[in-house]
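Each chain gets a letter, A, B and so on, in the order its sequence line appears, and its residues count up from 1.
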2 protein chains.
Amino acid sequence: MQVSIFVLPTQKNMTTKDKIIELGRDYVQRLGYHSFKYQLIANDLNIKNAAIHHYFPAKEDLGVAIIEKDRSDFKLLTESIKKHPLKDQAEALLTLYINYYNQKKNLCIVGACVSAFAELPEKMALASQNHLETIQTWLINLLKQGQASGEFRFKEKPEDLAALWISALPGALQSAQIKGEAHLMQVITQLRQTLKTQQPT
Amino acid sequence: MQVSIFVLPTQKNMTTKDKIIELGRDYVQRLGYHSFKYQLIANDLNIKNAAIHHYFPAKEDLGVAIIEKDRSDFKLLTESIKKHPLKDQAEALLTLYINYYNQKKNLCIVGACVSAFAELPEKMALASQNHLETIQTWLINLLKQGQASGEFRFKEKPEDLAALWISALPGALQSAQIKGEAHLMQVITQLRQTLKTQQPT
DNA sequence: TTTGCTACTTACATGCAAGTAAGTATCTTT
DNA sequence: AAAGATACTTACTTGCATGTAAGTAGCAAA
């Protein structure tokens, strides 16, 4: 299920527009929305600043495109594994964050958005709201299925547990910048235990 | 134990320097470090921009002062309640975050620092590292005491549980901007349950 | 072949935030 | 009363990021 940790940000057969979105997402996840600049992407692609404005007139437009790409990727991922055991599906979310850490991306896109929310353009605020909603809904559903099937045996409300997961993961990824990978793994260990899956004997 | 939710950011008997730190902390918690500007504080205090540079030559200097003030306040708070029941001491941390939310501060200082960490001046990075360390150490200690006394009956390692708390609280505060107060309360509910305190019958 | 579209470059305008240098008013100490 | 320190203001520099206007090169369709 896990392909490669070090995915190349851009590939030859991608259009410039798509490369801009990919590189933009990278920088947003490393630096945050307000600290990422068109110039960084322009340098990487050996094009001029204004070329990016050709595709995305305002930074806000690129911001929205990045969020929607990330949301779309999330949907593709969850769709592709929806027949897998529920525990594996939950693990896929955890793996996502471990991969971010290994790629030195200490913000997930949703985390980057909420941590800059007060200064976010309105369209980006709406897009990030939709993105978070998508993740939350998927997770709640997963937890409900697991509770119903007995694959998970937690006593809490699925909504409450989902809230914990979608707060703790972005938070742990952020603080792992200071406390290191072990910190992220401690949080993930705790989250795994909340599911109360059958212990392998 | 809880004084007033709506504490005035500055008071008459404070020095200008202290007012700058307090207002700075407010703005950092609302906007994030890179989005808060000297001009905002200058307007609030009816002074000129350059007056702030008189006290804090570089923005980084004010940043460090804000973090150290926050850390100092945290130490004062925990010191002042160290004789209280352990459960109440844990509740005090939760209350801190509920108060932040009610004051529309959707970043704690540590959260503001880690979410902007890659672009943070070195002195601020160190200061925030110390701040986080202080909170973590306090919490681990509290959990260990509670485990020893039987006031808490969790089975996890105190370190792991502490990691969850200090990731989930900043994360929940941030995402509460999108998902509302109920979301924060769901996370807090889950964290309370991790302590496995005696249920009141 | 000419018309037009796509994908850019060149060159520039704008605005803003950080920071500095020099001056002034007031209060403090000797 | 003189000297210095404190708490600012005025006026300015610098640099950078966003964004725009106008031009160009190449391919694509009519």
(request) Tell me, with the steps shown, if A/Gln39 and A/Asn43 meet side-chain hydrogen bond (donor to acceptor under 3.5 Å, both in side chains). (result) CA-CA 6 Å; A/Gln39 196 55 53; A/Asn43 290 346; 3.0 Å; yes
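A side-chain donor-acceptor contact under 3.5 Å links B/Lys59 to the backbone of B/Tyr33. A donor-acceptor pair is defined here as one N or O able to donate and one able to accept, closer than 3.5 Å; such a pair exists between the side chain of B/His34 and the backbone of B/Glu119.
The shortest distance between the side-chain N/O atoms of A/Thr16 and the OP1/OP2 oxygens of C/dC8 is below 4.0 Å. Listed pair B/Tyr38 / C/dC16 fails the phosphate criterion, with no side-chain N or O lying under 4.0 Å from OP1 or OP2. The phosphate of D/dC8 (OP1 or OP2) has no side-chain N or O of B/Lys48 nearer than 4.0 angstrom.
If you check C/dC8, C/dT10, D/dA7 against the side chain of A/His54, the one that comes closest is C/dC8. Nearest nucleotide to the side chain of B/Ala50, out of D/dC8, D/dA11, C/dG19: D/dA11. For A/Lys59, taking side-chain heavy atoms from C-beta onward, the closest of the listed nucleotides D/dC8, C/dT10, D/dG19 is D/dG19. Listed nucleotides D/dT20, C/dA18, C/dG19 differ in distance to B/Lys37; the shortest reach to its side chain belongs to C/dA18.
In this structure, the CD1 atom of B/Ile52 is 15 Å from the C1' atom of C/dT20, given to the nearest Å. Distance, B/His53 NE2 to C/dA18 C1': 5 Å, rounded to whole Å. Rounding to whole angstrom units, CG of residue B/Asn49 and C1' of C/dA18 are separated by 8 Å. Separating the CD1 atom of A/Ile41 from the P atom of C/dC8 is a distance of 14 Å, rounded to the nearest angstrom. Distance, A/Ile47 CD1 to D/dT24 P: 21 Å, rounded to whole Å. Rounded to an integer number of Å, the gap from CZ of B/Phe56 to C1' of C/dT20 is 18 Å. In this structure, B/Ile20 atom CD1 and D/dT6 atom P are separated by 16 Å, rounded to whole Å. One can place CD of A/Glu60 at 14 Å from C1' of D/dG19, the figure rounded to the nearest angstrom.
Using cut-offs of 30° and 60° on the angle between ring planes, the pair B/Tyr97 and B/Tyr100 is perpendicular.
For the pair B/Leu93 and B/Trp165, the tightest heavy-atom approach, listed with the atom from each and the gap, is CD2-CE3, 4.0 Å.
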